[in-house]
Amino acid sequence: IIREYIDSAQPVSSQLLEKKYDFGICPATIRIEMQRLTDGGFVFQPHTSAGRVPADKGYRFFVDNLLEKGVSEFEDIFKIEEIFQEMRKDILRWANRLTKFLAEESSSFTILNLLERDFFLKEGWEEILKEPEFVEKDLISDFAKFLESFEENIKNLKINSGIKIYIGKENPLSKEKNFSIISSKCCLPDEEEVILALLGPKRMNYDRNISLINSLTKLLEKF
């Protein structure tokens with residue numbers, strides 16, 4: 001249900017699941033299972049006769065399972081390695097290129113914070129505004145407030161070398177509960193610390209974005 005919703009941004013029906021996937025169970029059983037997920041708070045029905053939409057609890061269960069199974073390597077790892085060659089020449093140029101790359105590859109708003117310099121690089125408005133959620137103008141304003149709150153309070157998040165993920169209402173910095181954060185702290189070869197963060201709607205592609213951040217941090221360890 002979550003993967004279908006991430007792809008389509010539309011409520012997912014039992015009929016769609018029945019046609020697209022071979023679960024080896026009858027349509028009635030699929031409907032019963034979807035109702036159980038609804039009763040358990042993992043998905044919800046936006047209105048009568050609609051399909052189901054993931055709730056925060058469902059996204060959290062999904063993300064925890066991704067992390068438990070082990071994160072796969074990002075499919076275009078060579079692109080990241082190419083960008084890293086610039087790091088030894090000019091750290092700020094490298095950081096700028098990396099921020100743009102992350103925004104484009106994740107379809108998320110990307111923030112790179114060089115901690116010692118208190119320097120922020122931000123990219124991704126073009127990518128994030130393509131997402132169907134942002135047809136609603138109020139959501140654009142909410143997201144701008146969300147970004148401002150994140151930047152002002154980034155040091156209070158206690159982001160460490162592991163991947164830290166906040167989903168919807170888990171976000172401790174803002175009242176805006178329609179968005180998610182994937183973040184990690186890395187150490188550059190000169191010992192300078194950097195925080196990387198992907199911010200976007202809860203419907204972001206967690207598989208791809210977690211893989212992207214994980215592969216990047218592992219590469220940094222080698223440089």
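The first residue in the sequence is number 1, and the count goes up from there. These figures come from a predicted structure and were not determined experimentally.
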Heavy-atom distance under 4.5 Å between the side chains of [X] and [Y], does that happen here?
| X | Y | value |
| --- | --- | --- |
| F134 | I128 | yes |
| L98 | L121 | no |
| K185 | L115 | yes |
| I182 | V63 | no |
| F23 | L17 | yes |
| N209 | S107 | no |
| L216 | L102 | yes |
| F150 | L157 | yes |

Quiz item: Of the non-hydrogen atoms in I91 and L188, which two are nearest, and what is the gap between them?
Solution: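 The answer is CD1-CD1, 3.5 Å.
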
Self-check item: Test salt bridge (charged side-chain N to carboxylate O under 4.0 Å, His left out) applied to K202 and E133, step by step
Solution: CA-CA 10 Å; K202 287 189 288 188; E133 286 88 346; over 6 Å; no

At what distance, to the nearest 0.5 angstrom, does [atom1] of [X] lie from [atom2] of [Y]?
| X | Y | atom1 | atom2 | result |
| --- | --- | --- | --- | --- |
| E191 | E193 | CD | CD | 9.0 Å |
| I25 | E33 | CD1 | CD | 6.0 Å |
| L198 | I213 | CG | CD1 | 4.0 Å |
| E176 | S149 | CD | OG | 8.5 Å |
| S183 | L196 | OG | CG | 9.0 Å |

Under a 3.5 Å distance rule, please check whether [X] uses its side chain to pair with a backbone N or O of [Y] as donor and acceptor.
| X | Y | result |
| --- | --- | --- |
| S215 | L212 | no |
| T99 | A95 | yes |
| N113 | F119 | yes |
| S108 | A103 | no |

Quiz item: Given the rule in the salt bridge (charged side-chain N to carboxylate O under 4.0 Å, His left out) test, do D64 and R60 qualify, once you have shown the distances and angles that lead to the verdict?
Solution: CA-CA 6 Å; D64 286 348; R60 171 50 61 190; 2.9 Å; yes

Quiz item: Hey, quick one: are Y21 and I30 part of the same hydrophobic cluster, counting side-chain heavy atoms closer than 4.5 Å, chains of contacts allowed?
Solution: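 Yes, same cluster.
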
Exercise. Treating Ile, Leu, Val, Met, Phe, Trp and Tyr as nodes and any side-chain heavy-atom pair under 4.5 angstrom as an edge, say whether I32 and L37 lie in one connected cluster.
Key: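 Different clusters: I32 never reaches L37 through Ile, Leu, Val, Met, Phe, Trp or Tyr contacts under 4.5 Å.
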
Quiz item: With distance as the sole criterion, is a donor-acceptor pair present between the side chains of Y59 and E170 under 3.5 Å?
Solution: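 Their side chains do not contain a donor-acceptor pair, so the 3.5 Å distance test is not met.
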
Quiz item: Considering residues, nucleotides and ligands other than D138, do more than 12 of their heavy atoms fall under 6.0 Å from its CG?
Solution: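 No.
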
Quiz prompt | W125/F143 aromatic ring centres below 6.0 Å | solution =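 Ring centroids of W125 and F143 are less than 6.0 Å from each other.
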
Self-check item: Counterpart residues, salt bridge (charged side-chain N to carboxylate O under 4.0 Å, His left out), relative to K19 (two or more places apart)
Solution: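 If we apply the salt bridge (charged side-chain N to carboxylate O under 4.0 Å, His left out) test to K19, skipping adjacent residues, there are no hits.
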
Quiz item: What pairs with E131 under salt bridge (charged side-chain N to carboxylate O under 4.0 Å, His left out), at least two apart in sequence or on another chain?
Solution: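 For E131 the salt bridge (charged side-chain N to carboxylate O under 4.0 Å, His left out) partners, ignoring immediate neighbours, are R203.
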
Would you give me the side-chain donor-acceptor pairs under 3.5 Å for residues 38-48, sequence neighbours excluded?
from: T38; atom 1: OG1; to: M34; atom 2: O; distance (Å): 2.8
from: T38; atom 1: OG1; to: R52; atom 2: NE; distance (Å): 2.7
from: D39; atom 1: OD1; to: Q35; atom 2: NE2; distance (Å): 2.9
from: Q45; atom 1: NE2; to: A50; atom 2: O; distance (Å): 2.8

